[in-house]
Amino acid sequence: MFRTRFAPSPTGELHIGGLRTALFTYLVARQSGGTFLLRIEDTDRKRFDPHSADHIQEALRWAGLEWDEGPIFQSQRLPHYQQAAAELVARGAAYPCFCTPARLDEMRQEQTRQKQPPRYDGRCRGMDLAERQRLLTDGAPHTIRQAVPETGITTFHDIIYGTISFRNEEIDDSVLLKSDGFPTYHLAHMVDDHLMRITHVIRGEEWLPSAPKHVLLYQAFGWEAPVLCHLPSILAGGGQGKLSKRHGAVSVISYMQEGYLPDALINFLALLGWSPGDDREFFSKDELVAAFSLEKVSHSGAVFNREKLDFFNGSYLRRKTLRELADLVLPYLIEADFPLGDGPRPDPSLLLALASVQDRLRKLSEAPELLSFYFHEPLYQAALLIPKKSNAAEIRQTMNASLEALRNLDDFTSSSLESTLRGVIERQGWKSGTVLWPIRAALTGREASPGAFEVLAALGKERSLVRLERALDKLETMA
RNA sequence: GCCCCCAUAGUCUAGUGGCCGAGGACAUCGCCCUUUCAAGGCGAAGACGGCGGUUCAAUUCCGCCUGGGGGUACCA
């Protein structure tokens with residue numbers, strides 16, 4: 001029964017990398033029958049975005065990652081952190097620092113000039129106790145800094161990376177409590193993880209270098225540290241392959257708006273840095289819960305590959321029933337201002353139209369473009385009606401024959417349309433292309449589109465005949 | 001600069017010393033199907049970064065180099 005948490009800072013919208021972290025965190029909790037908690041780490045008042053927490057929750061919900069506890073806001077738990085900081089000072093693991101931002105800035109510039117690693121020089125750490133007490137009682141502004149041991153090695157175990165150690169002398173005395181009384185991440189997250197009985201800290205690898213600070217803090221408190229797990233980054237992949245050049249960090253909401261299905265995104269993201277160890281690639285969320293394990297997460301960063309995401313999305317879209325697809329696509333058609341009529345919303349002809357494009361759809365936002373000829377008379381050049389290796393005279397002939405056969409046909413279903421037109425083709429001994437290509441071109445105005453029978457059926461007899469007659473007119477004026 | 005992490009095809013990955021003359025997926029190319037484009041089926045091309053070790057045997061272990069990523073804030 002593990003307790004895990006996703007702990008984003010509310011500084012903007014949830015990004016793809018954050019969603020993957022949330023997913024892995026969620027999976028660990030679910031597969032143990034444990035608890036997944038959402039904690040908003042809003043301890044930076046400068047970067048705080050008031051809408052961010054809502055956006056993050058919306059994105060998580062859309063993705064299907066429901067949390068069991070929270071959201072908990074750190075800004076409402078200040079006393080916990082202040083008390084913890086005081087405790088640390090009492091234990092000698094932290095100390096008040098009265099250095100001003102200006103002095104710190106100057107100090108770092110000097111260090112950089114001398115080609116030394118920029119870090120706190122320890123001025124207030126060695127301060128005379130009487131002096132410290134005097135400043136404190138005077139109410140001098142100060143922060144609380146971690147007193148990192150000057151010698152020794154801090155070692156910890158990461159589920160993914162294994163044993164990692166740092167020389168304590170390399171670790172800086174970070175600020176734990178800011179002068180405004182807010183904690184920094186270093187203090188807040190570990191205090192909360194302890195108080196909330198978190199068993200697994202799962203976060204991005206950008207935290208790896210500061211992990212020893214946190215381990216030291218757990219030791220100072222005498223608390224048992226949770227299992228640590230750092231996830232490899234998702235990379236943008238600039239400059240190498242042609243397929244990877246326009247990938248970047250993008251917000252989850254934008255994928256939602258572009259018409260990616262949450263299940264497809266989740267499936268894709270799960271495979272970015274994790275694999276089951278065999279050749280399976282399609283996973284429902286439940287299957288992920290069953291198969292996932294942190295031990296199988298890879299150690300190296302993964303480039304975000306949108307082509308593969310599109311493949312997954314198309315694949316998930318193809319599994320939808322037509323009614324499901326209609327519900328999904330409708331908002332995009334409305335957005336595109338298509339004349340949808342007054343009838344029942346997923347009307348039969350819309351379902352037929354959708355069926356004709358389902359195989360070509362990679363994301364929902366492509367639907368208006370793929371379906372436009374069903375809603376608007378197509379504009380095209382007469383030459384489009386004539387396939388290669390044919391001519392206007394021949395096409396006029398086949399079109400007239402097709403038109404006549406179609407006028408006499410009442411059952412406008414794909415199958416009866418097919419047998420009727422194949423009958424025409426066979427009787428006249430024509431090549432099927434000379435009959436079918438011009439019909440399809442006349443109906444869609446496109447070089448590439450769904451097949452003639454499907455379009456005929458979806459458009460219906462009346463509208464089909466109008467378009468075919470118009471095409472014939474075009475052919476006449478051509479000659 | 002210093003510290004940490006990483007390294008199988010364009011991309012995501014399988015692989016824990018011999019089963020690898022390296023498996024799967026996306027993308028690419030070809031063929032089939034076919035009125036077009038997709039989808040689908042079949043097939044092709046494509047990788048163990050380099051150099052040294054260890055070993056009877058290294059993609060797998062070790063070191064160095066190179067390359068990539070991250071950190072170095074009163075941001076997370």
Side-chain angles (χ1 to χ4, degrees), chain A residues 7-11 41-44 46-47 97 99-101 104-105 108 111-112 114-120 141-145 158 160-161 164-167 170-172 174-180 182-186 188-189 203-212 230 232-233 235 237 240-244 247 268 271-282 296 298-312 314-315 318 356-362 370 387 421 425 431-441 444 446-453:
Chain A
S9 64
T11 52
E41 309 220 320
D42 54 346
T43 54
D44 184 350
K46 292 184 210 82
R47 296 200 308 156
C97 174
C99 294
T100 63
L104 295 172
D105 198 46
R108 286 194 193 97
Q111 287 166 332
T112 308
Q114 303 204 349
K115 301 217 193 290
Q116 287 175 341
R119 53 177 300 171
Y120 184 60
H142 63 280
T143 61
I144 300 294
R145 272 184 199 278
D158 182 284
I160 294 174
Y161 291 103
I164 296 173
S165 43
F166 288 79
R167 292 196 305 279
E170 304 282 357
I171 305 170
D172 200 7
S174 298
V175 169
L176 262 21
L177 199 68
K178 309 175 201 177
S179 58
D180 63 2
F182 275 65
T184 61
Y185 173 85
H186 301 305
H189 93 276
R203 78 234 293 197
E205 72 169 329
E206 67 273 17
W207 292 107
L208 209 42
S210 56
H230 294 89
S233 314
L235 310 174
Q240 288 143 66
K242 53 179 177 176
L243 301 178
S244 46
H247 300 148
F268 167 74
L271 261 19
L272 219 51
W274 172 81
S275 86
D278 53 40
D279 289 341
R280 285 178 298 165
E281 292 233 276
F282 283 93
K296 285 196 164 136
S298 68
H299 297 191
S300 50
V303 172
F304 185 87
N305 181 185
R306 193 189 274 252
E307 298 278 355
K308 188 147 184 176
L309 205 212
D310 285 349
F311 162 77
F312 272 113
S315 179
R318 255 168 261 134
S356 76
V357 300
Q358 186 167 24
D359 285 350
R360 296 151 236 257
L361 203 55
R362 289 169 84 79
L370 284 173
L421 289 171
I425 290 163
K431 284 200 297 188
S432 50
T434 57
V435 173
L436 268 13
W437 173 282
I439 293 176
R440 197 183 54 73
T444 67
R446 297 186 187 200
E447 201 96 39
S449 79
F453 310 124

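So you know, we letter chains A, B, ... as the sequences are listed, proteins then strands, and number each from 1. The basis for the numbers below is simple: all heavy atoms, side chains too, and nothing from hydrogens, waters or symmetry mates.
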- Heavy-atom nearest nucleotide on RNA chain B taken for A/R167 and for A/D279; more 5' hit belongs to A/R167
- Task: Take A/T434 and A/K178, find for each the nucleotide of RNA chain B with the closest heavy atom, and name the residue whose nucleotide sits nearer the 5' end.
- Result: A/T434
So [X], base contact, sugar-phosphate only, or nothing? Heavy-atom distance under 4.0 Å.
{"X": "A/S233", "result": "sugar-phosphate"}
{"X": "A/K431", "result": "nothing"}
{"X": "A/R108", "result": "sugar-phosphate"}
{"X": "A/R145", "result": "sugar-phosphate"}
{"X": "A/R362", "result": "sugar-phosphate"}
{"X": "A/T444", "result": "nothing"}
{"X": "A/P450", "result": "base"}
{"X": "A/T11", "result": "nothing"}
{"X": "A/A452", "result": "base"}
{"X": "A/W207", "result": "base"}
{"X": "A/E447", "result": "base"}

- Task: Mind listing the closest non-hydrogen atom pair of A/Q111 and A/P118 along with its distance?
- Result: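 Reported closest heavy-atom pair: OE1-CA, 3.3 Å.
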- Query: What heavy-atom pair brings A/G433 and A/P438 nearest, and what distance separates the two atoms?
  - Reply: O-CD, 3.4 Å
Mate of [N] where both pairing distances stay under 3.5 Å, Watson-Crick or G-U:
{"N": "B/A57", "answer": "none"}
{"N": "B/G52", "answer": "B/C62"}
{"N": "B/A39", "answer": "none"}
{"N": "B/C2", "answer": "B/G71"}
{"N": "B/C26", "answer": "B/G10"}
{"N": "B/G21", "answer": "none"}

- Note on the structure: Under a 4.0 Å heavy-atom criterion, the protein footprint on nucleotides 43-50 of chain B, written with B, S and -, is --------
- Calculate the interatomic distance between A/E205 atom CD and B/A7 atom C1'; express it in whole Å.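 Between C1' of B/A7 and CD of A/E205: 13 Å.
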- Can you tell me the distance, in whole Å, between the CZ atom of A/F311 and the P atom of B/A38?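 Distance check: A/F311 CZ to B/A38 P gives 16 Å.
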- Message: By nearest atom, which of the nucleotides B/C4, B/C26, B/C75 is closest to the A/K308 side chain?
- Response: B/C26
- Message: For B/C2 and A/K115 - does any side-chain N or O of the residue sit under 4.0 Å from the phosphate oxygens OP1/OP2?
- Response: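 Checking B/C2 against A/K115, no side-chain N or O comes under 4.0 Å of OP1 or OP2.
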- Inspect the surroundings of NZ in A/K431 and state if more than 12 heavy atoms from other residues, nucleotides or ligands are less than 6.0 Å away. no
- Message: Around atom CD of A/Q116, are there more than 12 heavy atoms from other residues, nucleotides or ligands closer than 6.0 Å?
- Response: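 More than 12 within 6.0 Å, yes.
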